[in-house]
Amino acid sequence: MQSSILRRKASQTSRTSLKSSLRAPTRRRTFVGKLCQPASSFSRCHSTLFIKPTNSIPKAVLRQQNRSYSSQTTDIVFSDPNRPDLFYHFVHPPTPLSQSLPAFALSFLDVTPPAADSPVVIGWLPAQTYMTDTPETPGSEEEPKEQSSGLQDFVVNPKFVTLLQETIKSGLKENVDDIWENGGKQLQEGWMHIHDQRNIPALGRIGDPDDIIASVLVEDSKIKYDTYQPMPSYRVCTSDGILQLTPGLAEHLRAALIRLTKTEAAS
């Protein structure tokens with residue numbers, strides 16, 4: 001009898017010890033009450049995060065592509081301290097990212113986009129911080145910490161990508177950028193890659209596929225704009241940041257965005 005009681009106590013002690021040694025599951029709780037200003041947090045993530053966002057759009061976003069978001073836009077805008085040409089526009093829900101949470105629509109214009117899903121919008125970032133129970137040091141019991149949106153949260157706008165490719169092609173046709181015109185003259189013959197300027201490859205080297213916007217054929221030192229081919233692997237946002245164009249193409253894109261904004265606002 002005594003030995004049986006001792007065995008039961010030992011079994012209970014073992015179960016209690018095992019239960020206490022197991023850590024609670026990691027939880028990610030939305031911190032709904034506070035707006036995350038992305039101007040500093042997103043730029044800071046450029047040098048600290050190396051998670052490359054995918055160009056694929058979540059199914060939830062694709063299902064919302066046909067709805068109107070014109071009533072969700074506001075006049076709240078933040079500029080990026082490290083990219084004076086980049087602006088974050090606050091958008092009320094529902095947004096292309098969520099039915100219930102606000103977002104930031106990134107744009108190269110400081111003017112409020114006509115709609116949250118307008119082609120002038122580069123993409124979206126969640127506009128709210130969240131609390132995480134995952135400690136930075138494994139095995140430590142740290143207090144929940146406030147986290148901000150970063151590169152891994154960015155979702156590209158496919159409408160902007162289409163506009164971007166069309167604009168660059170027309171820019172090459174109109175010779176708006178001396179850099180690519182001179183590049184064609186130096187190459188003389190062959191395919192020339194249009195690189196994103198956020199990560200310029202070394203001289204004579206081919207850039208990362210994520211940074212090659214398109215390729216175009218050069219014959220007799222002249223760019224054959226009708227051979228323009230967008231690069232499927234190109235990413236608008238990588239660990240090196242958001243899209244950066246050469247000056248001529250950047251100004252050409254900005255002019256196209258302004259025209260489209262006026263057209264959409266008038267319709």
Side-chain angles (χ1 to χ4, degrees), residues 52-57 61-62 65 83 85-86 96 105-109 113-115 117-124 154-264:
K52 294 188 177 182
T54 177
N55 267 347
S56 61
I57 306 299
V61 176
L62 292 175
Q65 288 297 315
R83 287 284 303 273
D85 61 331
L86 188 60
L106 277 67
S107 175
F108 288 128
L109 301 179
D117 60 343
S118 167
V120 303
V121 174
I122 304 169
W124 307 277
F154 177 82
V155 175
V156 70
N157 182 3
K159 295 180 181 178
F160 172 80
V161 176
T162 300
L163 175 64
L164 171 68
Q165 296 289 0
E166 293 174 350
T167 303
I168 293 178
K169 181 178 179 179
S170 66
L172 295 176
K173 178 182 179 181
E174 299 171 17
N175 297 323
V176 300
D177 199 306
D178 293 338
I179 292 178
W180 297 113
E181 188 176 359
N182 292 333
K185 292 178 180 179
Q186 294 177 1
L187 181 61
Q188 297 182 352
E189 300 286 341
W191 287 92
M192 181 173 67
H193 297 307
I194 309 299
H195 291 101
D196 194 308
Q197 300 303 291
R198 67 192 169 203
N199 185 21
I200 303 175
L203 185 63
R205 295 293 187 90
I206 297 177
D208 191 293
D210 291 352
D211 297 317
I212 299 177
I213 302 175
S215 298
V216 65
L217 184 64
V218 175
E219 292 181 351
D220 297 327
S221 299
K222 294 183 179 180
I223 297 176
K224 311 292 289 186
Y225 69 88
D226 55 332
T227 65
Y228 183 91
Q229 296 183 11
M231 179 65 72
S233 61
Y234 173 70
R235 296 176 186 266
V236 171
C237 178
T238 69
S239 59
D240 294 305
I242 296 290
L243 158 73
Q244 293 185 44
L245 298 176
T246 47
L249 288 180
E251 185 58 35
H252 189 63
L253 174 62
R254 178 178 170 79
L257 295 175
I258 292 175
R259 288 195 302 269
L260 182 57
T261 299
K262 292 180 178 179
T263 301
E264 290 187 336

If I take atom [atom1] from residue [X] and atom [atom2] from residue [Y], how far apart are they, to the nearest 0.5 angstrom?
| X | Y | atom1 | atom2 | result |
| --- | --- | --- | --- | --- |
| Ser221 | Gln186 | OG | CD | 9.5 Å |
| Arg259 | Lys262 | CZ | NZ | 9.5 Å |
| Trp180 | His193 | CH2 | NE2 | 10.0 Å |
| Ile200 | Arg205 | CD1 | CZ | 15.5 Å |
| Leu109 | Leu253 | CG | CG | 8.5 Å |
| Leu217 | Lys224 | CG | NZ | 8.0 Å |

Does the distance from a Lys or Arg side-chain N to an Asp or Glu carboxylate O, for [X] and [Y], drop under 4.0 Å?
| X | Y | result |
| --- | --- | --- |
| Arg235 | Asp210 | yes |
| Lys222 | Asp220 | no |
| Asp85 | Arg83 | yes |

**Request:** Using salt bridge (Lys or Arg N to Asp or Glu O under 4.0 Å) as the criterion, list what pairs up with Asp178, not counting sequence neighbours.
**Result:** none

**Asked** Passes side-chain hydrogen bond (donor to acceptor under 3.5 Å, both in side chains), Asp177 versus Thr246? Steps please.
**Response** CA-CA 7 Å; Asp177 199 306; Thr246 47; 2.5 Å; yes

Heavy atoms, side chains only, cut-off 4.5 Å: are [X] and [Y] in contact?
| X | Y | value |
| --- | --- | --- |
| Val161 | Tyr234 | no |
| Arg198 | Asp211 | yes |
| Val216 | Gln229 | no |
| Gln244 | Asp196 | yes |
| Met231 | Ser215 | yes |
| Glu264 | Pro113 | no |
| Phe160 | Leu243 | yes |
| Pro96 | Val155 | no |

Give me the atom names and distance for the closest heavy-atom approach of [X] to [Y].
| X | Y | value |
| --- | --- | --- |
| Pro209 | Ser233 | O-OG, 3.0 Å |
| Val120 | Pro114 | CG2-CD, 4.2 Å |
| Asp117 | Trp124 | CA-CZ2, 3.9 Å |
| Gly207 | Ile212 | O-CD1, 3.7 Å |
| Pro230 | Ala214 | CA-CB, 3.8 Å |

**Request:** Show your reasoning for whether side-chain contact (heavy atoms from CB on, under 4.5 Å) applies to Asp208 and Thr238.
**Result:** CA-CA 11 Å; Asp208 191 293; Thr238 69; over 6 Å; no

**Request:** Begin from the C-alpha positions of Ile223 and Met192 and carry the test side-chain contact (heavy atoms from CB on, under 4.5 Å) through to its verdict.
**Result:** CA-CA 9 Å; Ile223 297 176; Met192 181 173 67; 3.6 Å; yes

**Asked** Counting heavy atoms not belonging to Ile258, are there more than 12 under 6.0 Å from its CD1?
**Response** yes

**Asked** How would you list, by chain and number, every residue that makes a side chain to side chain donor-acceptor pair (under 3.5 Å) with Thr167, sequence neighbours excluded?
**Response** none

**Message:** Taking Asn199's backbone N and O only, do any of them form a donor-acceptor pair with Asp240's side chain (distance below 3.5 Å, no angle check)?
**Reply:**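 Judged by distance alone, no pair lies under 3.5 Å.
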
**Request:** Would you check if the side chain of Gln197 reaches a backbone N or O of His195 as a donor-acceptor pair within less than 3.5 Å?
**Result:**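 Yes.
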
**Worked verdict on Phe154 versus Ile242 for side-chain contact (heavy atoms from CB on, under 4.5 Å)** = CA-CA 10 Å; Phe154 177 82; Ile242 296 290; 4.0 Å; yes

**Message:** Given Leu164, which partner from the list Leu257, Ile122, Leu249, Leu245 fulfils the side-chain contact (heavy atoms from CB on, under 4.5 Å) test?
**Reply:** Leu245

**Asked** side-chain contact (heavy atoms from CB on, under 4.5 Å) between Gln165 and Tyr228: does it pass, once the steps are laid out?
**Response** CA-CA 9 Å; Gln165 296 289 0; Tyr228 183 91; 2.5 Å; yes

